[in-house]
Number of protein chains: 2
Amino acid sequence: MREATLRDVARLAGVSPRTVSNVVNGYAPVTEATRAKVEKAIAELDYRPNVVARNLARGRSGQIAVVVPYLDTPYFSELLQGIIPRARAGGYNVLVDQTDGDPEHERELIRRRARGFAFDGLIFSPLGLAQRDLADADPTLPLVVLGERSAAGSFDHVGIDDVAASREATAHLISLGRRRIAAIGDQPYPTGEAAQLRTTGFRQAHLDAALEVDEALVIGTPRFNRADGAGAMRRLLNRSDPPDAVFCYSDLVALGALHAALERGVRVPEDVALIGYDDIEEGRYSNPTISTVSPDKEAIAATAVERLLMRIGLGRGTEGVAGVEVRAAHRLVARESTLGRAAR
Amino acid sequence: MREATLRDVARLAGVSPRTVSNVVNGYAPVTEATRAKVEKAIAELDYRPNVVARNLARGRSGQIAVVVPYLDTPYFSELLQGIIPRARAGGYNVLVDQTDGDPEHERELIRRRARGFAFDGLIFSPLGLAQRDLADADPTLPLVVLGERSAAGSFDHVGIDDVAASREATAHLISLGRRRIAAIGDQPYPTGEAAQLRTTGFRQAHLDAALEVDEALVIGTPRFNRADGAGAMRRLLNRSDPPDAVFCYSDLVALGALHAALERGVRVPEDVALIGYDDIEEGRYSNPTISTVSPDKEAIAATAVERLLMRIGLGRGTEGVAGVEVRAAHRLVARESTLGRAAR
DNA sequence: TTGAAAGCGCTAACAC
DNA sequence: GTGTTAGCGCTTTCAA
């Protein structure tokens, strides 16, 4: 049996489609009597508005897209979890996609709203894509980029102060008396813009303490995942002069590094202290627990959605609006991987 | 400036909308010359088809929804990661939502496609919702349910054999000489249908070995997460006669239990062996690594998408088609949390 | 307060 | 092969 349409309801209720539409959307004032009639007809026919038709008529899709490099990265799933309910509260459904960090996929997504992927706005966490590539993005697309801004543009940025946070994390290691500090996660320009900010903070902390950075201890990794963290750590431990502390550019990297250390019988933090970045739940349950930089994810999710909906609300007028950079709060969370069991 | 429409392209190319549509969709044979003209016009106007309009005309949304209880549960994010590319390959975009295990939210979603949430089919992982509630689901909705089937219906199920898998996991602990085996994760009917299957397998393994189940060691938890796992483990360790092994109904539960054990100085697996369920990546990097039941997630994702698209293809005819139960493969993966470091 | 009617942009049956 | 045209189901301007 065919789905009931608004027309069917109108016919049954003996009113015009216009009136039904008014009732359904709570628009113009409708007589109580009329409303009752219409609602009765709606119930009788089990009528549900066709969203696709509505969107076509309204000239919007009622959806936003959230695109991240990897969905199985806890940081992103935690963020997504914060974004979805807020978007729904704002009347939007959420399309999700991952790019695997593929620059082509990312570019395609931005340059021209990807084929067949209909959305009114986009929350985007670029990875393989240099931020300046966003510059020639479709300027009519409401866009919020996650991560610190590295280039101006007509879109918004939401992120924490990576340089400051990294500096604090490194300073924490230094304050514990560590002197040979490694960094795992550096990435070359232009892909690794976020990574480079962290490296900058790492260097600043050394400067602050009048310490030299041993360049051999700055290890690049293609991804911020457990496997790469473990691999980098193994290389560090193979050295004749291994580090006594490591600043990892993500908790996943730190967890991988931890695994590699314990596997070799290297004690954490006695032999080597470890600090991560992101404050994912996993780091609160690992053994030892992982010290980390904790970004205010709730604020990031909330701000990203808020800014995006605002831009969507502006309509095509978005084009003129300059990009805003929003800095969410962060804090250092010291746990066992730097303080030791004594922390308990 | 207004977006170019198909009509604009037709006008510029000097052909009819019909022809442009043909070119865009690669339908009917089109002369090379015409095609070239049309493509030139498309490029010139930077034309992109309006997906919403297309969907309305085609009477579909081109989207499927994936609904899980919690997005930040690694098992679900890993699954989602397998589902999304496959759905896109099949021409569908993926809407994602989480229910927080709220039965009302789940029911609403099924009973009548949720307001404003447009999708042609649904992959659904119920939690708070008893499977028999799915019975009075909209029978015209193409639906694939994740998890083992506990009731018949007109929709498909994709999952592993939970009873058998749980039996194997428990048998593994028994084969290691453990005799006081606890289970963490049981849940009351009707919410915890999946949990109860695992409890059944747990009991069967005891029967097989002519062992008694100590009912005091079967611990219920509201959720399958780290915190609940840790809490349950603490209670077990508080007993005068703690278990020498624990079958945890998810890896997250096992990771929480592990944390609680180590926190007390209880050795794993020497004092208590631990086995989980799901084989999430985290369990391969924890210290010790977690033994687990590994479901073939790729197969689950692939089958779920495949069955769903098949049902969507059937159109309204879906109604008659009986539900199919697909059993994906699983295997036991023994790691350090049962075998000890020697496993390396 | 409600009705009539013109689209929203695309598809596809039907003709030529 | 290509054009004509009538919808898809809803919104919304303009009248009444």
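To find a chain, count down the sequence lines: A is the first, B the second, and so on, and within it residues start at 1.
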- Between A/Arg86 and A/Glu298, is there a salt bridge with N-O shorter than 4.0 Å? yes
- Query: Taking CZ from A/Arg60 and C1' from C/dG9, how many angstroms apart are they, rounded to a whole number?
  - Reply: 17 Å
- Looking at side-chain heavy atoms only, is the closest gap between A/Leu71 and A/Leu80 below 4.5 Å? yes
- Task: Measure the distance from CG on B/Asn55 to C1' on C/dA12 and round it to the nearest whole Å.
- Result: 15 Å
- Check whether any side-chain heavy atom of B/Asn93 lies under 4.5 Å from a side-chain heavy atom of B/Arg88, and answer yes or no. yes
- Task: Using a heavy-atom cut-off of under 4.0 Å over every strand shown, decide if A/Thr31 touches base, sugar-phosphate, or nothing.
- Result: sugar-phosphate
Strictly under 3.5 Å: I want the nitrogen or oxygen pairs between protein and nucleotides 3-7 of chain C, one per line.
{"residue": "C/dG3", "atom": "OP2", "partner": "A/Ser16", "partner atom": "N", "Å": "2.7"}
{"residue": "C/dG3", "atom": "OP2", "partner": "A/Ser16", "partner atom": "OG", "Å": "3.1"}
{"residue": "C/dG3", "atom": "OP2", "partner": "A/Thr19", "partner atom": "OG1", "Å": "2.6"}
{"residue": "C/dG3", "atom": "O6", "partner": "A/Arg18", "partner atom": "NH1", "Å": "3.2"}

- Query: Toward the 5' end of DNA chain C, which comes first, B/Arg58 or A/Leu56, by nearest nucleotide?
  - Reply: A/Leu56
- Task: List for me each residue that meets salt bridge (Lys or Arg N to Asp or Glu O under 4.0 Å) alongside A/Lys297, sequence neighbours excluded, and say none if there are none.
- Result: A/Glu78
- Task: Could you check how far CD1 of A/Ile42 sits from P of D/dC10, rounded to whole Å?
- Result: 10 Å
- Regarding the side chain of B/Arg54, the nearest nucleotide among C/dC10, D/dT11, D/dC10 is C/dC10
- Ranking C/dT11, D/dC10, C/dC10 by distance to the side chain of B/Tyr47, first place goes to C/dC10
- Has A/Asn22 got a side-chain N or O lying under 4.0 Å from the OP1 or OP2 atom of C/dT2? no
- Item | Among C/dT11, D/dT11, C/dT1, the nucleotide that comes nearest once only the side chain of A/Thr34 is considered | C/dT1
- Query: Given that B/Ala53 and B/Arg7 both sit by DNA chain D, which one's nearest nucleotide is further toward the 5' end?
  - Reply: B/Arg7
- Item | Whether over 12 other heavy atoms sit under 6.0 Å from B/Arg7 CZ | no
- Calculate the interatomic distance between A/Asp8 atom CG and D/dC8 atom C1'; express it in whole Å. 13 Å
- Query: Quick one: are B/Ile160 and B/Ile300 in side-chain contact, heavy atoms under 4.5 Å?
  - Reply: yes
- Task: Find the distance B/Leu6:CG to C/dA12:P and express it as a whole number of Å.
- Result: 12 Å
- Message: From CG of B/Leu45 over to P of C/dC10, roughly how many Å is that when rounded to an integer?
- Response: 12 Å
- Message: With heavy-atom distances below 4.5 Å as the criterion, would you say the side chains of A/Val94 and B/Asp97 are in contact?
- Response: no
